[in-house]
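A short worksheet on the structure shown next.
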Amino acid sequence: MIKSKRIESLDALRGLAALAVMLRHYTTIFSVDYDVPNNFNFEFKYGYLGVELFFLISGFVIFMTIEQVNTSKEFIIKRFVRLYPTYWLALSISTIFILLFGLPKMQFTIKDFFLNLTMIQDVVNPILHTKHIDGVYWSLAAELLFYGFILMLFQLKWLRHIKLIGLFWLLISIICIPNDISIFMLGILFNLKWSPLFFAGILFYKLWKNDEEKKKWNTHVLIALSLVCYYILTLTKVEEQTKSNIIECIATTLFFVVFYGVAYDKLNFLGKSKILLFLGKISYPLYLVHQNIGYIILFYFIHTLHFTNQLVLLIPISISILLATVIVFKFEAVYLNRLKKYLLKILK
């Protein structure tokens, strides 16, 4: 049976991922950068793993998207409209906040701002030494590079060979990344660091799409191999102070189990939660605007107004959610569909 519908359980997972990243920033990272009262005991240290979840979701959704378009131009327009206008708005809002109320470690140059407009500043950083206006922007380049990779396969008409291509992608990754082999930045351009997550997302989509795929042993073997490759890439990297390689492996294993649940339609109950669906709907702008704006708000309440109760976290959380909601319903809902139709029409 071939299916084509919106997968609300993925929207719910997207909302949970954005919430997890935000909670890590407002607890663990903020306390490292700007100090907090001693009684601030709640931490969400592993919220950064929400990004791993985002990459799995992207593998699933982007392969679904590329199968539903007729031309490369259509794919590019749809991805551009989905990503860039909201990103530019969020970037502008964050820039204004930083210029007016910025904290130490938030300084940036005019060069940084213009390079951030491209969304690929993380790719050119080794050459141009640019800085992210907001720290969360690093993951956007990885997403764009994955889109470009899938688009290249679409243009070459190689998508039907995705399993074989994905296998080589994994093998090259576990050879190059642990041994620090980079040839003309190909490791960055082909997303070798994140290949297991993007490729696994594609495979889970294929399981979800067609019941016949569930019977193919090679799909399940490749999913298992993706997870093993993730272990190799993770356990061979230097462990950062606020992260844990072991926890990353455990959590990502659970993510794979969750995605099996999505592929077999066992997590549809997640899509019945209005709260999670709402968070999923605003997840992109929430991810983009929460970090530095939230830090500025937290710093003001803790260090200027001397709030000592950790419930103060609810203030930046609420403001970030409100700001993301306004962007979705007053900007995206009003303008983006019109822009997409206009671009598709004039570029036919």
Side-chain angles (χ1 to χ4, degrees), residues 12-54 90 93-107 132-139 239-248 250-252 254-255 258 270 273-328:
L13 290 174
R14 200 180 276 115
L16 286 172
L19 184 62
V21 172
M22 179 169 62
L23 288 175
R24 170 180 163 82
H25 286 148
Y26 290 169
T27 57
T28 303
I29 304 303
F30 182 83
S31 65
V32 170
D33 289 343
Y34 299 110
D35 296 324
V36 295
N38 292 330
N39 64 326
F40 277 39
N41 298 316
F42 170 71
E43 279 195 84
F44 208 75
K45 288 178 63 175
Y46 304 111
Y48 67 92
L49 292 168
V51 176
E52 263 84 338
L53 192 52
F54 277 132
I93 294 170
S94 293
T95 298
I96 292 170
F97 262 80
I98 294 170
L99 290 175
L100 294 177
F101 313 109
L103 304 175
K105 301 183 180 180
M106 291 186 182
Q107 298 88 348
H132 296 295
I133 301 297
D134 197 301
V136 299
Y137 295 169
W138 72 267
S139 66
E239 190 164 272
E240 298 179 30
Q241 181 183 357
T242 60
K243 297 182 178 181
S244 166
N245 293 354
I246 295 294
I247 296 296
E248 289 178 19
I250 294 172
T252 301
L254 293 176
F255 293 160
V258 166
L270 288 176
S273 169
K274 292 183 179 180
I275 294 175
L276 291 181
L277 287 179
F278 172 74
L279 287 174
K281 188 173 183 65
I282 68 168
S283 59
Y284 182 48
L286 179 61
Y287 182 77
L288 294 176
V289 302
H290 79 270
Q291 186 173 331
N292 281 343
I293 293 174
Y295 286 177
I296 290 168
I297 294 167
L298 265 181
F299 190 92
Y300 176 75
F301 277 94
I302 292 173
H303 294 284
T304 303
L305 299 183
H306 305 293
F307 275 51
T308 58
N309 190 310
Q310 202 168 10
L311 288 175
V312 71
L313 292 173
L314 294 175
I315 298 173
I317 290 172
S318 300
I319 291 174
S320 295
I321 289 175
L322 177 61
L323 183 55
T325 301
V326 171
I327 291 173
V328 167

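Everything numeric in this text was worked out from a predicted model, so none of it was measured. Note: hydrogens, waters and symmetry copies are ignored here, and every other heavy atom, side chains too, is used.
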Look up atom CD1 in I29 and atom CZ in F44, then write down how far apart they are to the nearest 0.5 Å. 13.0 Å
Could you tell me which non-hydrogen atom of G50 sits nearest to which non-hydrogen atom of A17, and how far apart they are? O-CB, 3.5 Å
Does a side-chain heavy-atom distance below 4.5 Å link F97 with S94? no
With F307 via ring-ring contact (aromatic ring centres under 6.0 Å, His included) - residues at least two apart: F301
Go through the steps for L13 and F255 under the test side-chain contact (heavy atoms from CB on, under 4.5 Å), then give the verdict. CA-CA 10 Å; L13 290 174; F255 293 160; over 6 Å; no
The criterion is ring-ring contact (aromatic ring centres under 6.0 Å, His included); which residues satisfy it with Y287, sequence neighbours excluded? F54
Could you name each residue pair satisfying salt bridge (charged side-chain N to carboxylate O under 4.0 Å, His left out) that touches residues 20-33, not counting sequence neighbours? D33-K105
Listed by chain and number, what are the side-chain contact (heavy atoms from CB on, under 4.5 Å) partners of L277, not counting sequence neighbours? E8, D11
Output the distance between atom CD1 (I133) and atom CD1 (I93), rounded to the nearest 0.5 Å. 14.0 Å
What pairs of residues pass the side-chain hydrogen bond (donor to acceptor under 3.5 Å, both in side chains) test when at least one of them lies in residues 307-325, not counting sequence neighbours? Y26-S320
When rounded to the nearest 0.5 angstrom, what distance separates NE2 in H132 from OG in S139? 8.5 Å
Just how far is it from atom CG of L313 to atom CZ of F30, taken to the nearest 0.5 Å? 9.0 Å
V289: which of D134, I321, I327, I319 passes side chain to side chain contact (heavy atoms under 4.5 Å, CB included): I327
Excluding sequence neighbours, so at least two apart, what forms salt bridge (charged side-chain N to carboxylate O under 4.0 Å, His left out) with K243? E240
Could you walk me through whether I317 and L23 pass the side-chain contact (heavy atoms from CB on, under 4.5 Å) check? CA-CA 8 Å; I317 290 172; L23 288 175; 3.8 Å; yes
S273: side-chain contact (heavy atoms from CB on, under 4.5 Å) partners, not counting sequence neighbours: I275, L276
For a 4.5 angstrom cut-off between non-hydrogen side-chain atoms, does I302 reach P37? yes
Please assess L298 against V312 for the test side-chain contact (heavy atoms from CB on, under 4.5 Å), listing each intermediate value before the final yes or no. CA-CA 7 Å; L298 265 181; V312 71; 4.0 Å; yes
The criterion is ring-ring contact (aromatic ring centres under 6.0 Å, His included); which residues satisfy it with F42, sequence neighbours excluded? none
List for me each residue that meets side-chain contact (heavy atoms from CB on, under 4.5 Å) alongside L103, sequence neighbours excluded, and say none if there are none. Y34, M106, Y295, I296, F299
Once rounded to the nearest 0.5 Å, what's the spacing between atom CG of L286 and atom CG of L322? 11.0 Å
Rounded to the nearest 0.5 Å, what separation is found between the CZ atom of R14 and the CG atom of L19? 15.0 Å
For Y284, all residues meeting ring-ring contact (aromatic ring centres under 6.0 Å, His included), sequence neighbours excluded: none
Under 3.5 Å, side chain of H303 to main-chain N/O of D35, donor-acceptor pair present? yes
Evaluate whether atom OH of Y300 has more than 12 neighbouring non-hydrogen atoms of other residues, nucleotides or ligands under 6.0 angstrom away. no
Any pair with a residue in residues 39-52 that passes side-chain hydrogen bond (donor to acceptor under 3.5 Å, both in side chains), sequence neighbours left out, goes on the list, sorted by first then second residue, please. T28-E43, Y48-E248, E52-Y230
Is there a side-chain contact (heavy atoms from CB on, under 4.5 Å) between L49 and L53 once you walk through the steps? CA-CA 7 Å; L49 292 168; L53 192 52; over 6 Å; no
Looking only at heavy atoms, the pair that brings E239 and N245 closest together is OE1-N, 2.7 Å
Residues in side-chain contact (heavy atoms from CB on, under 4.5 Å) with L254, at least two apart? none
